[in-house]
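Scroll down for the structure; my scribbles are underneath it.
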There are 2 protein chains.
Amino acid sequence: MQVREKGRIVKPHGTRRGRGRPRAFDRAAALAKAMDVFWAKGYDGASLAELTDAMGINPPSLYAAFGSKEALFLEAVRIYSAREGGPDWDAVLDASSAREGIARLLEESAIAFTQRGKPRGCMIALGALHDTGENTSVCAKLRACRAENLAKLRQRLERAVAEGEIPGTVDCDAVASFYLSVQHGMSILARDGASRTTLLAVARAAMDAWTSLTSPRTGEHDAGADVRPKRGR
Amino acid sequence: MQVREKGRIVKPHGTRRGRGRPRAFDRAAALAKAMDVFWAKGYDGASLAELTDAMGINPPSLYAAFGSKEALFLEAVRIYSAREGGPDWDAVLDASSAREGIARLLEESAIAFTQRGKPRGCMIALGALHDTGENTSVCAKLRACRAENLAKLRQRLERAVAEGEIPGTVDCDAVASFYLSVQHGMSILARDGASRTTLLAVARAAMDAWTSLTSPRTGEHDAGADVRPKRGR
DNA sequence: GAATTTTTGTAGCTATTGATATAAAATCAT
DNA sequence: ATGATTTTATATCAATAGCTACAAAAATTC
C-alpha cells in the first residue's frame with residue numbers, strides 16, 4: 001500500500017498513514033458531510049467556513065486530508081455517484097429491456113431527489129452550472145458526468161435496437177436526450193419543492209412517450225404540429 | 001411623472017430626471033448588458049466588477065441607477081421575461097389548442113435557449129438554484145417565476161378540459177409538471193452544448209407523450225412497468 | 001453668472017473568500 | 001526516553017466580494 005510511485009502522488013490526499021500523530025476525525029464521514037454541503041449549496045455556494053463547520057474540522061485539516069476545495073468537491077462527486085445521491089445508472093439501465101431500464105432510472109431518480117433529510121435534486125445536474133472562470137474545471141467535470149450519462153442512455157437504446165426491442169429507425173441520440181432532459185428537469189422541480197409523488201408522475205408521463213418514440217415511423221412528422229419560429233436566428 | 005408618493009418611492013431607482021447633471025449612459029442598454037452577464041453567470045457568479053465592466057459604468061453609477069446588485073438582477077429578470085430570453089408564455093400558450101400551445105412553448109424554448117451570441121439555457125431556470133443565505137430573496141423570486149409558469153401550464157390544461165379538448169380525467173397538475181420538467185431540462189442540455197436541432201427533437205419527443213397523457217384512461221397504470229424502489233425512504 | 005442638483009471617477013470601506021505559517025500536541029520507530 | 005513525523009488549533013495571509021465617501025464635473029433654475 002505505497003503512496004508514491006516514481007515520485008508522483010498516486011492516491012489523492014490524506015490517504016497515507018503511519019508514523020505521525022493520528023488523524024482525529026473520520027475522513028470518510030467528513031467527506032460525506034462535505035458532500036451534503038456541496039449538494040445543498042453547489043460548488044461555489046459552499047464556503048470553506050460552512051464546509052469545515054459541517055465536517056467538524058479546521059481548514060488545515062481539510063487541506064491536509066483533501067488538498068483543496070476543488071479536490072474535495074471532486075471526491076464528493078465521486079462518492080455521490082457511487083453510493084449516495086442518484087441511482088446507479090449502470091445497474092438500473094441493465095434491466096432486461098431498455099424501456100424498463102429507463103423507467104427505473106427515472107423512478108429511482110424521483111426517489112433519490114426527494115430523500116428526507118437530504119438536499120433536493122441531483123448534485124451532478126445542479127452542482128455547478130455557471131462557469132465563473134474559477135470553477136471551470138469543476139464545471140467541466142460535472143458536464144462530463146452528464147455527457148457520460150447521456151452516452152449510457154444512448155448505448156442502452158442502441159443495444160435495444162441490436163436486440164430487436166425497438167426498430168433501427170429510432171433516433172437513439174434524440175430519445176436519450178429527451179429522457180436525460182426529463183431527468184435534469186426533475187432536479188429543478190425537486191429544488192422547487194415538488195413532492196415525490198409529483199416526480200414519479202413526471203417519470204411515468206415521460207414513459208408514456210415511449211411507444212410513440214420507438215414506433216417504426218421516425219424521421220417524418222405529422223402535420224398539424226407545424227410551427228413557424230418567431231424569434232429564430 | 002412624479003417619483004415619490006406619500007414619501008414612498010414608486011419607481012425603482014434612477015428613473016427620475018431633471019435638474020442635475022445628466023446621466024452619461026443609456027440605462028436600458030446598461031440593464032441589457034447586465035442581463036447578459038447574469039444570464040451567463042447566474043446571480044452569485046456575476047460580480048460587481050464584471051457587471052460594471054460590461055455595462056461600461058462605475059459602481060456608484062450602478063447603485064445610483066439601480067439601487068443594488070439584487071435590485072439590478074430583479075430588473076434584469078423582468079426584462080428577460082418580457083422581451084429577451086425565453087418565449088412569451090401567455091402569448092404562446094394562447095394557441096387554439098393546449099396541445100399546440102405547449103408544443104409551441106417547447107419549440108420556442110429550444111430556439112431561445114440556443115441563440116447565437118447569447119448565453120445558453122434559461123435565466124429563470126438556472127439563474128439562482130442554490131440558496132446561500134445571501135441570495136434568498138433572489139432564489140425565491142426565480143422560484144416564484146417557475147411556479148407561475150407551472151400554474152400557466154396547468155391552467156391552460158384545465159381550460160382544455162373545459163373546452164372538451166382533453167377528458168376531465170387528465171391529471172392537469174402532473175401533465176403540467178411533466179412539460180415544465182422537460183422545459184427546465186432543456187436548459188441544462190443547452191448549457192452542456194446541445195444543438196438547437198437536439199432541443200427541438202426533445203421538444204417533439206415530449207409532445208409524443210401527449211396522446212397517452214391525455215387519453216381517457218388515467219389513474220390506472222399498465223402492468224409490466226412495475227418497479228420496486230431499492231433505496232426508498 | 002450664481003446657486004442648486006445630480007452624476008461622474010477615484011479611492012477606499014468592511015467583510016469574506018480560499019488557503020497557510022506557525023508552534024504545540026500526539027503518535028511511531030528506535 | 002528520544003527523535004522523527006504528522007495532525008492539531010490559532011491566527012493570519014492576499015485577494016476579492018458588495019458597497020460607499022468624497023470632490024470634481026455638468027446640467028437646470030433662478
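These numbers were taken from a predicted model, which means no experiment stands behind them. Convention: sequence-line order gives letters A, B, ...; per-chain numbering from 1.
Taking side-chain N and O atoms only, A:Ser61 has a distance below 4.0 Å to OP1 or OP2 of D:dT8. The phosphate of C:dA19 (OP1 or OP2) has a side-chain N or O of A:Tyr63 nearer than 4.0 angstrom.
Near DNA chain C, meaning a heavy atom under 4.0 Å away, the residues from residues 33-60 of chain B are B:Asn58, B:Pro60.
With B:Phe25 as the aromatic partner, B:Arg23 meets the cation-pi criteria of under 6.0 angstrom to the ring centre and within 45 degrees of the ring axis. Judged by the 6.0 Å and 45° rule, A:Arg78 forms no cation-pi pair with A:Tyr80. Both tests do not hold together for B:Lys69 against B:Phe38: distance to the six-membered ring centre under 6.0 Å, angle to the ring axis within 45°.
Using a 3.5 Å distance cut-off with no hydrogens or angles, the side chains of A:Arg191 and B:His130 do pair a donor with an acceptor.
Here the P atom of nucleotide D:dT7 and the CZ atom of A:Phe66 are 12 Å apart, to the nearest Å. Regarding B:Arg23, its CZ atom lies at a distance of 14 Å from the C1' atom of C:dT5, rounded to whole Å. Distance B:Leu72 CG to D:dG18 C1': 13 Å, rounded to the nearest Å. The interatomic distance linking A:Glu70 (CD) with C:dG18 (P) rounds to 13 Å, in whole Å. Distance, B:Glu134 CD to C:dT16 P: 8 Å, rounded to whole Å. Separating the CG atom of B:Asp26 from the P atom of C:dT7 is a distance of 15 Å, rounded to the nearest angstrom. Straight-line distance from the CG atom of A:Leu62 to the C1' atom of C:dA21: 17 Å, rounded to whole Å.
Two residues are said to be in side-chain contact when any heavy atoms from C-beta on lie closer than 4.5 Å; A:Thr114 and A:Ser195 fail this criterion. Here the side chains of B:Phe178 and B:Asp173 are not in contact, with every heavy-atom distance at 4.5 Å or above.
The closest donor-acceptor contact from the side chain of B:Asp88 to the backbone of B:Ala91 lies under 3.5 Å.
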Using the 3.5 Å cut-off, write out each protein N or O paired with an N or O of nucleotides 27-30 of chain C and the distance between them.
{"from": "C:dT27", "atom 1": "O2", "to": "A:Arg19", "atom 2": "O", "distance (Å)": "3.1"}
{"from": "C:dC28", "atom 1": "O4'", "to": "A:Arg19", "atom 2": "O", "distance (Å)": "2.8"}

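The 12-atom threshold is not exceeded at NZ of B:Lys33, counting heavy atoms of other residues, nucleotides or ligands nearer than 6.0 Å.
The pair A:Lys141-A:Glu70 fails the salt-bridge criterion, with no side-chain N (NZ, NE, NH1 or NH2) lying under 4.0 Å from an Asp/Glu carboxylate O.
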